[in-house]
Structures are given as structure tokens and as C-alpha cells.
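To start, the structure under review is shown below, and the notes come after it.
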Amino acid sequence: QGGQSGLSSHAPCELLRDEMAVRRWNPNHLRRKAGIPNSIAARIMDGEIPMTPEVAARIATALGTSADFWVNAQARWDAWWPGEIGKGAG
């Protein structure tokens with residue numbers, strides 16, 4: 001719940017886990033294909049840190065999506081989720 005009335009969003013970590021599930025990837029697949037450290041991949045997938053534009057570009061290349069998709073998903077999540085606890089949870 002939370003956020004502004006009438007708005008909803010999905011955390012980027014949820015979207016990323018969905019994309020990975022379709023491909024039957026585990027975090028190691030993402031790490032290797034996106035060229036990001038294991039600790040960063042795991043923390044993004046767990047919603048502990050936000051997806052930065054740099055990481056979004058790497059993930060987009062690995063998944064064949066656009067960096068804008070991931071950057072916008074993070075921005076929507078940050079705008080939707082109230083308070084500091086939710087900031088970057090995706």
C-alpha cells in the first residue's frame with residue numbers, strides 16, 4: 001500500500017525478478033551478463049538499494065530492454081513509496 005491515492009507501482013526489484021524468472025536466470029546469470037558485482041545484483045534484487053542509471057543501462061543490455069524502462073521504474077517507485085524507508089527499495 002502506501003503512496004498517493006489512486007497510484008500504484010511495482011518495485012524495480014519485483015520487475016527484475018519477473019524478467020529473470022521468464023529467462024530462468026539466477027543472480028549469477030544477471031551478474032555475469034550485466035557485468036555488475038554480485039553484491040550489487042543481490043542488493044538490487046532484494047530491494048535494498050535503488051537501481052542507478054548506470055546499473056539500469058547494464059541490466060537493460062543484459063535483458064534486451066531499455067535503460068529508460070528501469071530508470072523510469074525506479075523513479076515511479078521512489079515517487080509512489082512514502083518516506084525514506086521506501087526510497088530506493090527496488
Report summary line: Rounding to 0.5 Å, atoms CG (Leu63) and CZ (Arg23) come to a distance of 4.5 Å
Report summary line: For Trp25 and Ala62 the tightest heavy-atom approach is CH2-O, 3.4 Å
Report summary line: Value for CD1 (Ile44) from CD1 (Ile36), rounded to nearest 0.5 Å, stands at 5.0 Å
Query raised in the report: Hey, mind stepping through His29 and Arg24 against side chain to side chain contact (heavy atoms under 4.5 Å, CB included) and telling me if it holds?
Result: CA-CA 9 Å; His29 285 101; Arg24 298 181 185 202; over 6 Å; no
Report summary line: For Ser39, the side-chain contact (heavy atoms from CB on, under 4.5 Å) test, sequence neighbours excluded, returns Pro37
Query raised in the report: Between Ala67 and Ala57, what is the shortest heavy-atom contact and its length?
Result: CB-CA, 3.7 Å
Report task. Answer yes if Leu15 and Val71 sit in the same cluster of Ile, Leu, Val, Met, Phe, Trp and Tyr residues linked by side chain heavy atoms under 4.5 Å apart, and no otherwise. Result -> no
Report summary line: Interatomic distance, CD1@Ile59 vs NZ@Lys33, rounded to 0.5 Å, equals 14.0 Å
Query raised in the report: When rounded to the nearest 0.5 angstrom, what distance separates CE in Met51 from CG in Leu16?
Result: 5.0 Å
Query - Non-hydrogen atoms of Cys13 and Met45 that approach each other most closely - result: CB-O, 3.4 Å
Query raised in the report: Looking at Pro27 and Asn38, what are the two nearest heavy atoms and their distance?
Result: O-OD1, 4.4 Å
**Report entry** Check: Asn28 main-chain N/O paired with Asn26 side-chain donor or acceptor under 3.5 Å
**Finding:** yes
Requested in this report: Measure the CH2-CD distance between Trp70 and Glu19 for me, rounded to the nearest 0.5 Å.
Outcome: 5.0 Å
Query raised in the report: Could you state the interatomic distance from CG (Asp18) to CD (Glu14), rounded to the nearest 0.5 Å?
Result: 7.5 Å
